[in-house]
Amino acid sequence: MQLPESDGTQMECVSEIPQRGPEGLAADSAKSITLLDIGMVEDGHRASYVSFLSSLFPLERMGFCRRAVFSRRPVLVPMVEESFLIYAATAVIRSLMGRSTAGLLFRPLPALYGNGVRLKAKYLLLALLRRFPRVTTLTILPFEVEPRFAEIADDWIHDPQLWDLEEQKRQSAPPSTPGLLNQLHASAGGRPICMAIGRQDRSKGFDWFCRLFAENLRLRESVLFAFGGKVSQDLAAPLESFTRSGGFGCNRFVSDDELMQLYSGADLVWCAYDASYDQASGIFGRAVQLGIPVVVRKGALIHRQCLREGIPCVAIGTADHDWESLSHIPPREPRAVVLARTRRMRDESLQTLHKALDLRR
């Protein structure tokens with residue numbers, strides 16, 4: 001495989017300043033890591049993800065280049081799915097040189113249960129990588145929620161979006177411009193609010209969300225369904241029915257300040273996603289870190305995670321009367337409970353990452 005030569009843009013250094021991790025696991029180790037950011041995509045989500053990783057380890061961010069592959073420092077691939085073959089080749093080459101490589105696998109289910117030739121090949125390669133020393137593939141969900149993860153991964157961490165919020169961001173600080181929150185409370189008229197947040201499409205179960213509200217008068221009388229975020233154009237008909245039935249909608253891009261308003265106004269956050277989107281979720285993670293109960297699809301990975309962690313949730317399926325459970329929303333979690341779980345998840349995840357990256361030697 002021909003490796004591209006590095007240039008100034010491919011080897012942007014994000015942080016060489018040691019950052020402090022949890023007690024007993026300070027990140028100011030003499031070793032730093034190389035972050036092999038294959039896509040090097042510059043968008044808001046990627047920037048915040050890289051910034052978060054740089055708060056855990058002193059790192060240098062590089063694109064795919066010779067210097068990254070042959071780095072003497074441990075290499076972390078932040079998203080294996082971005083270019084699986086590059087991850088696999090890099091890991092094998094580095095293993096033969098006795099150097100550590102770790103990769104985070106965000107969507108393991110397609111490799112386990114997919115039927116296509118490409119997905120079957122991915123399964124075989126991931127299983128093969130487990131035989132190579134100093135190669136560690138990590139899922140971002142515990143093996144307990146799907147024991148077959150152990151067939152293609154070496155270990156797991158908790159989804160970083162379950163433990164990445166800074167302490168001050170968990171506080172219920174008043175928004176700078178509370179207009180959206182005021183509109184939401186006025187529409188609710190004292191009813192509890194079930195909130196869908198962010199981009200809305202079929203994978204997020206938005207068609208189901210609209211249908212449940214539009215077709216159940218008793219549900220509408222007891223709970224307000226609301227959403228904030230751009231809706232996919234192919235869901236215009238369900239959206240119209242939802243709006244006609246009295247649902248609250250903000251069909252546009254919402255700012256960070258408005259996102260926090262939506263979370264602060266929610267009694268329940270919608271995470272009942274389509275079976276095709278059965279994976280960790282940032283919306284789910286934010287809700288859990290803020291102590292807000294979630295609605296999940298019965299049997300989904302995040303439903304199993306709720307059961308494992310004791311996270312308050314309402315689980316619904318497609319049965320005719322499953323919607324009735326949405327009228328019985330559990331209370332928000334006490335702040336002390338949320339903080340204790342978040343800190344434990346952080347500590348457990350960092351212990352695993354330090355081991356995978358050989359940072360304790």
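What's counted below: heavy atoms across the whole structure, side chains too, no hydrogens, waters or symmetry copies.
Not a single salt bridge (charged side-chain N to carboxylate O under 4.0 Å, His left out) links E221 to another residue, sequence neighbours left out. Residues passing the side-chain contact (heavy atoms from CB on, under 4.5 Å) test with A196 are Q200, F209, F227, W270, sequence neighbours excluded. Legend: residues meeting side-chain hydrogen bond (donor to acceptor under 3.5 Å, both in side chains) with E240, ordered by chain and number and at least two apart, are R244. Scanning for salt bridge (charged side-chain N to carboxylate O under 4.0 Å, His left out) contacts around R99 gives an empty result, with sequence neighbours left out. In this structure R220 satisfies the side-chain contact (heavy atoms from CB on, under 4.5 Å) test together with F213, L217, S245, sequence neighbours excluded. F52 meets the ring-ring contact (aromatic ring centres under 6.0 Å, His included) test with W163; sequence neighbours excluded. Take Y277 and apply the side-chain contact (heavy atoms from CB on, under 4.5 Å) test, not counting sequence neighbours, and it matches S203, K204, Y273, Q279. Judged as a side-chain contact (heavy atoms from CB on, under 4.5 Å), and not counting sequence neighbours, the contacts of E215 are R211. Annotation: side-chain hydrogen bond (donor to acceptor under 3.5 Å, both in side chains) contacts of H303 (sequence neighbours excluded): none. In this structure E81 satisfies the side-chain hydrogen bond (donor to acceptor under 3.5 Å, both in side chains) test with no other residue, sequence neighbours excluded.
Rounding to the nearest 0.5 Å places CD of Q289 at 4.0 Å from CG of L165. Atom CG of L124 sits about 11.0 Å away from atom CG of L119, to the nearest 0.5 Å. The CG atom of L105 lies 8.5 Å from the CD1 atom of I140; values are rounded to the nearest 0.5 Å. Atom CG in L76 sits 9.5 Å away from atom CG in L359 (nearest 0.5 Å). Atom CG of residue D155 and atom CG of residue L138 lie 6.0 Å apart, to the nearest 0.5 angstrom. Distance check: L112 CG to I152 CD1 gives 4.0 Å after rounding to the nearest 0.5 Å.
Q305 has its side chain out of reach of V288: every pair of non-hydrogen atoms, C-beta onward, lies at least 4.5 Å apart. Residues E348 and R343 fail the side-chain proximity criterion, which asks for heavy atoms closer than 4.5 Å. Contact annotation: the side chain of L290 never approaches that of V338 to less than 4.5 Å [non-hydrogen atoms, C-beta and beyond]. Residues F70 and R94 are not in side-chain contact: their nearest non-hydrogen atoms beyond the backbone lie 4.5 Å or more apart. Contact of the R346 side chain with the H158 side chain is not registered, since no non-hydrogen atoms from C-beta on lie closer than 4.5 Å. For the pair T137/Y87, a side-chain contact is recorded, criterion being any heavy-atom separation below 4.5 Å from C-beta on. Taking 4.5 Å as the limit, some side-chain heavy atom of V294 sits within range of a side-chain heavy atom of C306. L162 is not listed as a side-chain neighbour of T342, based on a closest heavy-atom distance of 4.5 Å or more.
Minimum interatomic distance between L36 and G63 (heavy atoms only, all atoms of both residues): CD1-O, 3.5 Å. Nearest heavy atom pair, residue P330 against residue V314, reads CD-CG2, 3.7 Å. Residues V75 and A68 approach most closely at CG2-O, 3.6 Å, considering heavy atoms. Scanning both residues, S222 and S327, for their nearest heavy atoms gives OG-OG, 3.2 Å. Between S95 and V135, the shortest heavy-atom contact is CB-CG2, 3.8 Å. The minimum heavy-atom distance linking P192 with D267 is given by the pair CA-OD2, 3.3 Å.
For residues 118-130, the set of pairs meeting the side-chain hydrogen bond (donor to acceptor under 3.5 Å, both in side chains) definition, not counting sequence neighbours, comprises Y123-E151. Residue pairs meeting the side-chain hydrogen bond (donor to acceptor under 3.5 Å, both in side chains) criterion with at least one partner in residues 224-236, sequence neighbours excluded, are R202-D234, S232-D234.
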Run F206 and V231 through side chain to side chain contact (heavy atoms under 4.5 Å, CB included) and show every step you take. CA-CA 8 Å; F206 188 69; V231 177; 3.7 Å; yes
Verdict with reasoning, Y263 to I283, per side chain to side chain contact (heavy atoms under 4.5 Å, CB included): CA-CA 10 Å; Y263 278 113; I283 301 299; 3.6 Å; yes
If you apply the rule side chain to side chain contact (heavy atoms under 4.5 Å, CB included), what do you find for L326 with I316, and how did you get there? CA-CA 8 Å; L326 291 167; I316 61 172; 4.2 Å; yes
If you apply the rule side chain to side chain contact (heavy atoms under 4.5 Å, CB included), what do you find for F106 with T139, and how did you get there? CA-CA 6 Å; F106 278 59; T139 63; over 6 Å; no
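Of the possible donor and acceptor atoms, one in the side chain of R304 sits under 3.5 Å from a partner among the backbone N and O of G299. In terms of modelled atom types and a separation under 3.5 Å, the side chain of R61 and the main chain of T34 share no donor-acceptor contact. The closest donor-acceptor contact from the side chain of R134 to the backbone of G98 lies under 3.5 Å. In this structure, S264 contributes its side chain and M260 its backbone to a donor-acceptor pair below 3.5 Å.
Note on L268 and V337: separate hydrophobic clusters, where clusters join Ile, Leu, Val, Met, Phe, Trp and Tyr whose side-chain heavy atoms are under 4.5 Å apart, directly or indirectly. Under a hydrophobic-cluster definition in which Ile, Leu, Val, Met, Phe, Trp and Tyr are linked whenever side-chain heavy atoms come within less than 4.5 Å, directly or via other members, M345 and L307 are assigned to different clusters. Hydrophobic clustering (side-chain heavy atoms under 4.5 Å, transitive across Ile, Leu, Val, Met, Phe, Trp, Tyr) groups L126 together with L85.
Considering T136, I33, L353, T101 as possible partners of P74, the one that fulfils the side chain to side chain contact (heavy atoms under 4.5 Å, CB included) test is I33.
No donor-acceptor contact under 3.5 angstrom links the side chains of Q161 and Y49, judged on distance only. Side-chain atoms of Q261 and D257 form a donor-acceptor pair, as typed in the model, at a separation below 3.5 Å. No hydrogens or angles considered: a donor-acceptor pair under 3.5 Å links the side chains of R73 and S32.
No salt bridge links K355 with D154; every basic N to acidic carboxylate O contact stays at or beyond 4.0 Å. One finds a salt bridge joining R344 and E309 here, because a Lys/Arg side-chain nitrogen approaches an Asp/Glu carboxylate oxygen to under 4.0 Å.
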